[in-house]
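Take this structure, written in structure tokens, and hold onto it; I'll ask about it next.
Keep in mind that what you see is a predicted model, and the values were worked out from it rather than measured. Whatever order the structure lists ligands and atoms in, that order sets their numbers, starting from 1.
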Amino acid sequence: MTDFLVKRDDLRECRIAESEAPELEPGQALLRVDTFGLTANNVTYAVMGEAMSYWDFFPAEDGWGRVPMWGFAEVERSEAEGVEPGTRLYGYLPPSSHLVVRPADADERGFVDASPHRAPLPSAYHRYLASATDPFYRPDTEEVQMLLRPLFFTSFLIDDQLDDEGLASRGPVLISSASSKTAIAAAFLLAQREGVELVSLTSPRSAEFVEGLGIYGRTVLYDAIDSLEAGPATYVDISGDGEVRRAVHEHYGDDLAHSMAVGLTHWEELGAGGEGELPGPSPTLFFAPDRVTKRSEDWGAAGLETRVADAWHPFCEWTSGWLDVIPGRGFEAVQRAYLDVLEGRVEPKRAHVLTL
Ligand SMILES: NC(=O)c1ccc[n+]([C@@H]2O[C@H](COP(=O)([O-])OP(=O)(O)OC[C@H]3O[C@@H](n4cnc5c(N)ncnc54)[C@H](OP(=O)(O)O)[C@@H]3O)[C@@H](O)[C@H]2O)c1
């Protein structure tokens, strides 16, 4: 087995680890990790590894972590009932050659990993979906599924919540790190709603790309937030940049209807923006698995999945007009891609799809 490991207290240090293939216990299965996508979202899993227990999904040796990825795997061996070797699956995977799982609730749609160490972690990450019955799956869009599916799911829920709470039409919706795939997917969905005014907040290097997408009404650089008109607005924060957050809150003050803390692509600027209370509403953490639980209760798990899948296919088609997938294979390629994403060196139209 091969694992790509990251030092938990210094995310810039990484290495490869080799080990013997494990013996399976009754009830376990061995997945061969095929390919996974890598974007800033995965770096956020590492940044929040301790605080939000992301290191606990795929334990590694002391002081090291396996950064969670989304991708495809195949069942290589199985001692679990109802899980057949050769089954292709989509799900949450380590950057490793293999993963041992303990399948439960196995049927033609896949299974959940009931390994005891995963029990305290959010259940939204435990499901492995069999491609043969998955409503999202199309063989010719595997790369886009690995890269954008988890982000799109989040964006669907952001769009849904903003609409549900009447925020989509209460003044402009400002989205930071507007060039990120999560922001783009949210803007793609919001732009289809009547009367929504979308403002992209981004850096100079991403501005031309963001404008070219044609989904935001207006593009504003981070240092020009003051140029926006006063009045009610909603902030969807994907950068996590403390200075940008303060600028938005100070500009709109109590007119800010909602401040949604979604991401932290600017992970080194989390603490920027100084101490002291922010004017306007307190930022509220948006955690997709919580919203999945709510909408699964409202619509049923299958109802939610059908709605997201229906919205997904047109988005997936649209991205083929601009998304540039960079394939990579082997430790060197994974390390280079990981460090490039960590340091923000990847052009926004590009994204990595990797095999260890
Ligand atoms: N809360 C949730 O449940 C949830 C779910 C899914 C995703 N998210 C979060 O959404 C965020 C976006 O993820 P993604 O995968 O969509 O991102 P992505 O497409 O990889 O984002 C790329 C963009 O992020 C900014 N960026 C990335 N790395 C940077 C760095 N080191 N320094 C400065 N800027 C950097 C740049 O945007 P600009 O130039 O425009 O700033 C860049 O164009 C992540 O933080 C992710 O964790 C949250």
Problem - Residue of the set Y128, Y137, F136, Y92 for which ring pair (Phe, Tyr, Trp, His ring centres under 6.0 Å) holds with F72 - result: Y137

Practice task
Please answer whether the main-chain N or O of V83 pairs with a side-chain N or O of S78 as donor and acceptor at a distance below 3.5 Å.
Solution key: yes

Completion exercise
Checking heavy atoms under 4.0 Å, the part of A178 that sits near ligand 1 is backbone

Exercise for the section: Tell me which one of V47, T182, V341 gets a heavy atom nearest to atom 13 (O) of ligand 1. Expected result: T182

Completion exercise
Heavy-atom proximity to atom 5 (C) of ligand 1, picking from L151, T44, T154, V244, points to T154

Exercise for the section: Would you mind telling me if ligand 1 is within reach of the side chain of N41, the backbone, both or neither, using heavy atoms under 4.0 Å? Expected result: both

Exercise for the section: Would you kindly specify which portion of S206 sits under 4.0 Å from ligand 1, judged on non-hydrogen atoms: side chain, backbone, both or neither? Expected result: side chain

Fill in the blank from the handout: re atom 48 (C) of ligand 1, the protein heavy-atom contact at minimum distance is V262 O, 3.1 Å

Practice task
Consider every N or O of P348 and every N or O of ligand 1, then say whether any pair is closer than 3.5 Å.
Solution key: no

Problem - Taking atom 20 (O) of ligand 1 as the reference point, the nearest protein heavy atom with its distance - result: A40 N, 2.9 Å

Exercise for the section: For ligand 1, find out whether one of its N or O atoms is nearer than 3.5 Å to an N or O atom of A183. Expected result: no

Exercise for the section: Compute the shortest N/O to N/O distance between I238 and ligand 1 and return yes if it is under 3.5 Å, no if not. Expected result: no

Problem - Closest approach of any protein heavy atom to atom 26 (N) of ligand 1, naming residue and atom - result: T265 CB, 3.7 Å

